Amino acid sequence: MDPDRHRWLLRAGGIAGTLALWELLGRWQGEALLAPPSLVAVELIHILRDGKIVTALLGSLSNMIVGFALACAIGMPLGVAMGRSRVVDLAAHSWVSMLVVTSVAALVPLFIVVLGTGVVFRITIICVSAVFYITLAMYHGARGIDPRWLEVGCAFGTSPVAAFWKIMLPALYPYIVAGARIGLTQAIRGMVVAELFVIIGFGGMIHTAGLAVSTATLLALLFTLMVIGVAANEALRWIGRRLAPWHEARLLNI
Amino acid sequence: MRGTRISYLYPISIFIGLVIWEIAVWDLPRVIMASPSMIAFKLVDGVASGAIPRAFAGSLAHLGLGYALAVAVGVPFGFLIGRSRTVFYALDPVINAIYAIPPVAFVPFIVIWFGLFFEARVVLVFGMSVIEILVTISVGARSVERAHLDVARSFGARGLALTIKVVVPAVVPFVFTGLRIGLVRAIHAMIIAELFLAAVNLGSLMKQAALRFDTGALLAVVVVLAVFGLIVQEGLRAIEARLLPWHVRN
């Protein structure tokens, strides 16, 4: 058999097997503990039609996008500056490492005291979740720029500004995409952390579904989150292929 | 983060940052932002009174048990997924799907299954770290150089000998990376569990401090977590450098 087809069959088999196992487990345990996928699918259609969740989701996602955009606007220049300048690296690196190791969840109570529980708080949590991962991805990209490319530019009399736009920036494209992908995953995680803690928006609905012990709703909501995560990731990967077709952006291992 | 040199300049940069912070919040009320000296005071106070060490010891219990379970499950299964093409292609979409869901979103589900206390905390730590270990090790096990395997095979290595002498040494660096990332995630899960399930240990210290609008005490706990995370991460990295000197990448 042709290996590509074999691979797809295995993938489909894996998904089908998981669903079948889940269905069996769900039937055996009952809906209060684990709703089987057949019930979850019905529930998913039901909540999508109802529209309340769609509204909550759109609100949450728009916060997420604002926070993510802020994180890119802060993290990308910071990462490049850290990668290209020894002084900036020294000033910022230890702080960035410390904040990446610290869970954002640990900062949630602090931000609530300082910022309250409104939109500003949620956007801040989302931004903080993503910003240091984006910074580190850009830092690695900026450090890894081959000095010979810059020397060639120098030999041809390129001004520093032109060297940035024509040499450094294209060299950073793959890292911009990789950083954005890691950052977006983290931003979605941050969104759920913030909303689950103050019980609002989409995260609040997850909490409510848990309290009501309605696992069908709960799993339908988790499924929605999964689809959003996968779709966002694929969209960024597609942009990456358009932006830097010579470099299949890999997820950096940080 | 890879290639970070432990340099004497870093403590100096942290010190300068703290001085700037201290000056910046000089005139602000304490509720808005605590100064580093305030945090240090609260930290010393918390350690001396025994509240922080007691809470920290309690947190270590579910961290340790959850992480140990994650290692016991994640390492062999990661290896299996990476070495068998069939298992890899069958499970890859499922693992990616689970990985795409923010882990905190599982909290209400964990509450339904395991309640609010110790078992639930262990499950959250286990779940969040096992998936990182699994993914990292399976990637490593997949990327064993074909040429190395071919050379070993042409010298007659088969089965177990091939696995022990070629595959395992090639995967060990990824095992270390997986254990390190897994442990950092486990520490995240440890505090998430204490804040999102029933508030206990460090999480309860934080919630009480938040009720008192005591940002100094809140940040003292954050500092404990950050320093603990950094020590654990750099410690594992140092062990890796001692055991696998050929693999230390810069």
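Remember, predicted model here, so these are calculated numbers, not experimental data. Throughout, a chain's letter reflects where its sequence line sits, starting with A, and its residues are numbered from 1. As a basis for the values below, the full set of heavy atoms in this structure was taken, side chains included, without hydrogen atoms, waters or symmetry mates.
Using a 4.5 Å heavy-atom threshold, the side chains of B/Pro102 and A/Leu225 count as touching. Inter-residue side-chain proximity for B/Val104 and A/Phe197 is flagged as unmet; no heavy-atom pair is nearer than 4.5 Å. Residues B/Val222 and A/Leu110 have side chains not in contact (no heavy-atom distance under 4.5 Å, counting atoms from C-beta outward).
Contact of A/Ala91 with chain B is made through the backbone alone, with heavy-atom distances under 4.5 Å. In this structure, the portion of A/Leu218 lying under 4.5 Å from any heavy atom of chain B is its side chain and not its backbone. Contacts between A/Thr185 and chain B at a heavy-atom distance below 4.5 Å are absent for every atom of the residue. Interface remark: B/Ile191 contributes side-chain atoms only to the contact with chain A (heavy atom separation under 4.5 Å). Looking at B/Val94, only its side chain comes within 4.5 Å of chain A, counting heavy atoms on both sides. Looking at B/Phe109, both its backbone and its side chain come within 4.5 Å of chain A, counting heavy atoms on both sides. No part of B/Ile12 comes within reach of chain A, as not one of its non-hydrogen atoms sits under 4.5 angstrom from that chain. Residue contact with chain B, scored on non-hydrogen atoms closer than 4.5 Å, is absent for A/Gln186. Within the 4.5 angstrom heavy-atom criterion, no atom of A/Leu115 approaches chain B. Using a 4.5 Å cut-off between heavy atoms, B/Leu18 contacts chain A through both its backbone and its side chain.
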Practice item. Test A/Leu10 against B/Phe88 for side-chain contact (heavy atoms from CB on, under 4.5 Å), laying out the working first. Key: CA-CA 9 Å; A/Leu10 277 174; B/Phe88 177 80; over 6 Å; no
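Expressed to the nearest 0.5 Å, how far CE of A/Met98 lies from CD1 of B/Ile14 amounts to 4.5 Å. Rounded to the nearest 0.5 angstrom, B/Ile192 CD1 and A/Ser103 OG are separated by 4.5 Å. Note: B/Leu91 CG to A/Thr18 OG1 = 6.5 Å, rounded to the nearest 0.5 Å. Of the inter-residue distances, the one linking B/Phe106 atom CZ with A/Leu196 atom CG reads 12.5 Å to the nearest 0.5 angstrom. Taking OG of A/Ser214 as the start and CD1 of B/Ile112 as the end, the distance is 7.0 Å to the nearest 0.5 Å. For the atom pair CD1 (B/Ile101) and CZ (A/Arg189), the distance works out to 11.0 Å, reported to the nearest 0.5 Å.
Surrounding CH2 of B/Trp113 are more than 12 heavy atoms belonging to other residues, nucleotides or ligands, all under 6.0 Å away.
At least one donor-acceptor pair closer than 3.5 Å links the side chain of B/Ser13 to the backbone N or O of A/Leu90. Put simply, the side chain of B/His188 gets close to the backbone of A/Val101: a donor and an acceptor are under 3.5 Å apart.
Of the residues considered (A/Leu211, A/Thr224, A/Leu107, A/Val193), A/Val193 shows the highest number of contacts with chain B, using heavy-atom pairs under 4.5 Å. With chain B as partner, the option from A/Ala105, A/Gly229, A/Ala16 having the largest number of non-hydrogen pairs under 4.5 angstrom is A/Ala105. In terms of non-hydrogen atom pairs under 4.5 Å with chain A, the most contact-rich of B/Ala209, B/Pro93, B/Gly229 is B/Pro93. Chain A forms more heavy-atom pairs under 4.5 Å with one residue of B/Ala210, B/Gly203, B/Ala105, B/Ala189 than with any other, namely B/Ala105. Per-residue heavy-atom pair counts under 4.5 Å with chain B were compared for A/Gly210, A/Ser94, A/Gly13, and the maximum is reached by A/Ser94. Between chain A and the options B/Asn96, B/Leu218, B/Val184, the largest number of non-hydrogen pairs under 4.5 Å is found for B/Leu218. The candidate with the highest count of non-hydrogen atom pairs below 4.5 Å against chain A, out of B/Arg85, B/Arg185, B/Met190, is B/Arg185.
The two residues A/Ser97 and B/Leu230 come nearest to each other via the heavy atoms O-CD2, 4.2 Å. Between B/Ala100 and A/Val230, the closest heavy-atom pair is CB-CG2, 3.8 Å.
A side-chain donor-acceptor contact under 3.5 Å links A/Arg7 and B/Tyr89.
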